[in-house]
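Throughout, a chain's letter reflects where its sequence line sits, starting with A, and its residues are numbered from 1.
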Amino acid sequence: MNDSPDRQVRVRAAPAPSGSLHVGNVRTFLYNWLHARHTGGKFVLRIEDTDTSRFTEEAYAAVLEDLKWLRLEWDEGPEVEGPHAPYRQSQRTQLHVDAAERLLSVGAAYRCYCTKEELEERRARARAEGRRPGYDGRCFRLTDTEQQAFEAEGRPSTVRVHIPDEGEIVFEDRVIGPVTTQLEQIDDFAILRSDGAPLYHLAVVVDDGLMEITDVIRGDDLLSNTPKQILLHSALGNPIPTFAHLPQVLGPDRKPLSKRHGSTSIADFREAGYLEDALVNFLALLGWGTAEDTILSREELISRFDVADVHPSPAMFDTKKLDWMNGEYIRLLDEQELTRRVLPFYANAGLVREPLSDEDRQKVDAATPLIQTRIRRLDEAPALVRGLFLRVEMDPAAAAKAFAPEHVPELLQAAIETLGALDPWTKESVEAALRGLAEERQLKPRTAFAPFYVAISGSTVSAPVFDLMTLIGKQECLERLRRALEACGH
RNA sequence: GCCCCCAUCGACCAGCGGCCUAGGUCACCACCCUUUCAAGGUGGUAACACGGGUUCGAAUCCCGUUGGGGGCACCA
């Protein structure tokens, strides 16, 4: 637990905006959010957009949109602001540069005049000789006269922090456990580019310090770099935050989840008809969980979550389980809400056009209970009720199978006659009529009704056919049955 | 190459020295229910990577091996 009485928990999410968020990053943000809510702390959103060549305003907007959709609301950050504004790293460079100057003035950092080419060449050589390819610290050993000479010739310089060769740095990671690093493994890394721009580690540490971040929860790709950041924090006189490194989220091939595994962005999942609560529930359980329960509300997640319980081993993103869980959440929705959510999918599939006509409105409402137990994703809904809105083509394979039995033409003919005379046209009367026909012919329901599914829905994967027929109306049903009869070869 | 991290059913989680003949969930299989498809119900298959220790006792602690992942940038 981190409910240390002396300071309120402050965590942050620090996305580099490159478009819609990757689900792996979302899990990291979710854990931060859960930790903040669980401890009654603050969740800060800081956008790490320092590499201006890579980040666009659209990408930035997409990040905020994703977080809002997931309802991972932030207490400080863009739009809501707060005492540590600005919350976009690109607007904080002066702060970072000032910190670098301070490190320079106290001798914790020094200027390095090595060129990129020199460094690359030395790195390549080190690798070839089996040595660690980091910086060898030679500019730290520059004499004053050598340095003045470089300055006089106007040679550009980066700023590096000096790391002692001896000693070790130990920190207690809340998911990994104690982590020890020998200082000889850490090179004098750069904190300012030769054009004066601050580098990642500097920016993170300065901002985490200024924003009084107490608990850093992030991906374990930063685990090996954490000692560097601890060193920087100390050099800057910051309190050292606690760290929790989350293992990677894996794809089905056990490789880190990436675009080549297909959909990985929140936008993709939203468009496929996943519900935000299902995604949150599912992601929360990737790397953390309880023994018995899997469907957990946000409140339950918040009260049970503890970073210390997070698995140190990587977890695979299992779409099958997500689909199941999403289906559970769809069934939890009330009909009105589900209707509201599937409507865009109907429109997108060309079944209806907004604003809805009265007739379509009625059909859309009536369709909801028919699809609710039949879909796992919202985008599966249109296929089940296409026949409700359109005179759909009959699926050739389904038709071939359903119309093959010898009794089918006669059955369809009888149905056309019986239904043609049916009054009133209600679900009960339609069902009774068709069941009657099946019984007279001693047909089992499943074989008897297959032709009707194909005739009305175009397929045997469909919402229940009696409901559809009732909603479609007598005349249209008769039309489709006649069409089916013709397709049988009559 | 060097350093660091990880290792329970196919997947996610439970297990934190005896309650384990290893539990739950997804997936899978079978059966039931059923107008198709689902949903629902019942049951089932299935795992402690390997090898050494420590201990009366190990899935649980330690060490190796193997296998995965990450880091070693004037990227973030």
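Proximity of residues 378-394 of chain A to RNA chain B (heavy atom under 4.0 angstrom from any strand atom) is not detected for any residue.
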Can you give me every donor-acceptor pair (side chain of residues 279-290 of chain A, partner residue at least two apart or in another chain, under 3.5 Å) with its distance?
{"residue": "A:Asn281", "atom": "OD1", "partner": "A:Leu296", "partner atom": "N", "Å": "2.9"}
{"residue": "A:Asn281", "atom": "OD1", "partner": "A:Tyr329", "partner atom": "OH", "Å": "2.5"}
{"residue": "A:Asn281", "atom": "ND2", "partner": "A:Thr294", "partner atom": "O", "Å": "3.0"}
{"residue": "A:Thr290", "atom": "OG1", "partner": "A:Asp293", "partner atom": "O", "Å": "3.1"}

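Residue pairs meeting the salt bridge (Lys or Arg N to Asp or Glu O under 4.0 Å) criterion with at least one partner in residues 21-30 of chain A, sequence neighbours excluded, are absent. Residue pairs meeting the side chain to side chain donor-acceptor pair (under 3.5 Å) criterion with at least one member in residues 119-128 of chain A, sequence neighbours excluded: A:Glu121-A:Arg125, A:Arg122-A:Asp136. The salt bridge (Lys or Arg N to Asp or Glu O under 4.0 Å) analysis of residues 156-169 of chain A, with sequence neighbours excluded, yields no pairs.
Listed by chain and number, the residues in a side-chain hydrogen bond (donor to acceptor under 3.5 Å, both in side chains) with A:Arg132 are A:Gln185, A:Asp187 (sequence neighbours excluded). Every residue meeting the salt bridge (Lys or Arg N to Asp or Glu O under 4.0 Å) condition with A:Asp208, not counting sequence neighbours, appears here in chain and number order: A:Arg12, A:Arg46. The salt bridge (Lys or Arg N to Asp or Glu O under 4.0 Å) search around A:Glu57 returns A:Arg88, not counting sequence neighbours.
Base pairing of B:A7: its partner is B:U66, meeting the Watson-Crick or G-U wobble criterion (both donor-acceptor distances under 3.5 Å). Using Watson-Crick or G-U wobble geometry with both donor-acceptor distances under 3.5 Å, B:A59 finds no partner in any strand shown. Pairing partner, B:C2: B:G71, with both Watson-Crick or wobble hydrogen-bond distances short of 3.5 Å. Across all strands shown, B:G40 pairs with B:C32; the Watson-Crick or G-U wobble distances both stay below 3.5 Å.
Which of B:C75, B:U35, B:G1 sits closest to the side chain of A:Phe449 comes down to B:U35. Nearest nucleotide to the A:Asp467 side chain, out of B:G70, B:C75, B:U35: B:U35. Out of B:U35, B:G1, B:A7, the shortest distance to the side chain of A:Pro133 is found at B:G1. With B:U36, B:C75, B:A39 as the choices, the nucleotide that has an atom nearest any side-chain atom of A:Tyr453 turns out to be B:U36. Closest to the side chain of A:Val179, out of B:C75, B:G70, B:C4, is B:C4. Among the nucleotides B:C74, B:U35, B:G1, the one closest to the side chain of A:Phe466 is B:U35. Out of B:U35, B:C5, B:C74, the shortest distance to the side chain of A:Pro445 is found at B:U35.
Put simply, A:Arg160 has a side-chain N or O that comes within less than 4.0 Å of OP1 or OP2 on B:C74. For the OP1/OP2 pair of B:U36 and a distance below 4.0 Å, the side-chain nitrogens and oxygens of A:Arg446 include at least one atom meeting the criterion. Look at A:His311 and you won't find any side-chain N or O under 4.0 angstrom from OP1 or OP2 of B:C6. For A:Arg193, a side-chain nitrogen or oxygen approaches OP1 or OP2 of B:C75 to under 4.0 Å.
A donor-acceptor pair shorter than 3.5 Å cannot be found between the side chains of A:Gln229 and A:Asn225.
On a pure distance criterion of 3.5 Å, a polar donor-acceptor pair joins the side chain of A:Ser194 and the base of B:C74. No hydrogens or angles were tested; on distance alone, a donor-acceptor pair under 3.5 Å links the side chain of A:Arg374 to the base of B:C37.
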Can you pull every protein N or O that's under 3.5 Å from an N or O on nucleotides 58-63 of chain B?
none

Distances under 3.5 Å between nitrogen or oxygen atoms of protein and nucleotides 28-31 of chain B:
none

Please list, for nucleotides 19-25 of chain B, all pairs of protein and nucleotide N/O atoms separated by less than 3.5 Å.
{"residue": "B:G24", "atom": "O2'", "partner": "A:Glu292", "partner atom": "O", "Å": "3.3"}
{"residue": "B:U25", "atom": "O2", "partner": "A:Lys321", "partner atom": "NZ", "Å": "2.9"}

Please write out each protein N/O paired with an N/O of nucleotides 64-69 of chain B under 3.5 Å, distance rounded to 0.1 Å.
{"residue": "B:G69", "atom": "OP1", "partner": "A:Lys255", "partner atom": "NZ", "Å": "2.5"}

**Message:** Pair A:Tyr135, A:Phe189 - check ring pair (Phe, Tyr, Trp, His ring centres under 6.0 Å), show working.
**Reply:** CA-CA 7 Å; A:Tyr135 186 64; A:Phe189 59 97; over 10 Å; no

**Request:** Evaluate the criterion ring pair (Phe, Tyr, Trp, His ring centres under 6.0 Å) for residue pair A:Phe305 and A:His38; output intermediate values, then yes/no.
**Result:** CA-CA 7 Å; A:Phe305 185 78; A:His38 179 80; 7.4 Å; no

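The residue A:Cys114 sits close to a base: some heavy atom pair falls under 4.0 Å. Within the 4.0 angstrom heavy-atom criterion, only backbone atoms of the sugar-phosphate kind lie near A:Gly287; the bases stay farther away. At the heavy-atom level, A:Ile295 lies nowhere under 4.0 Å from the strands shown.
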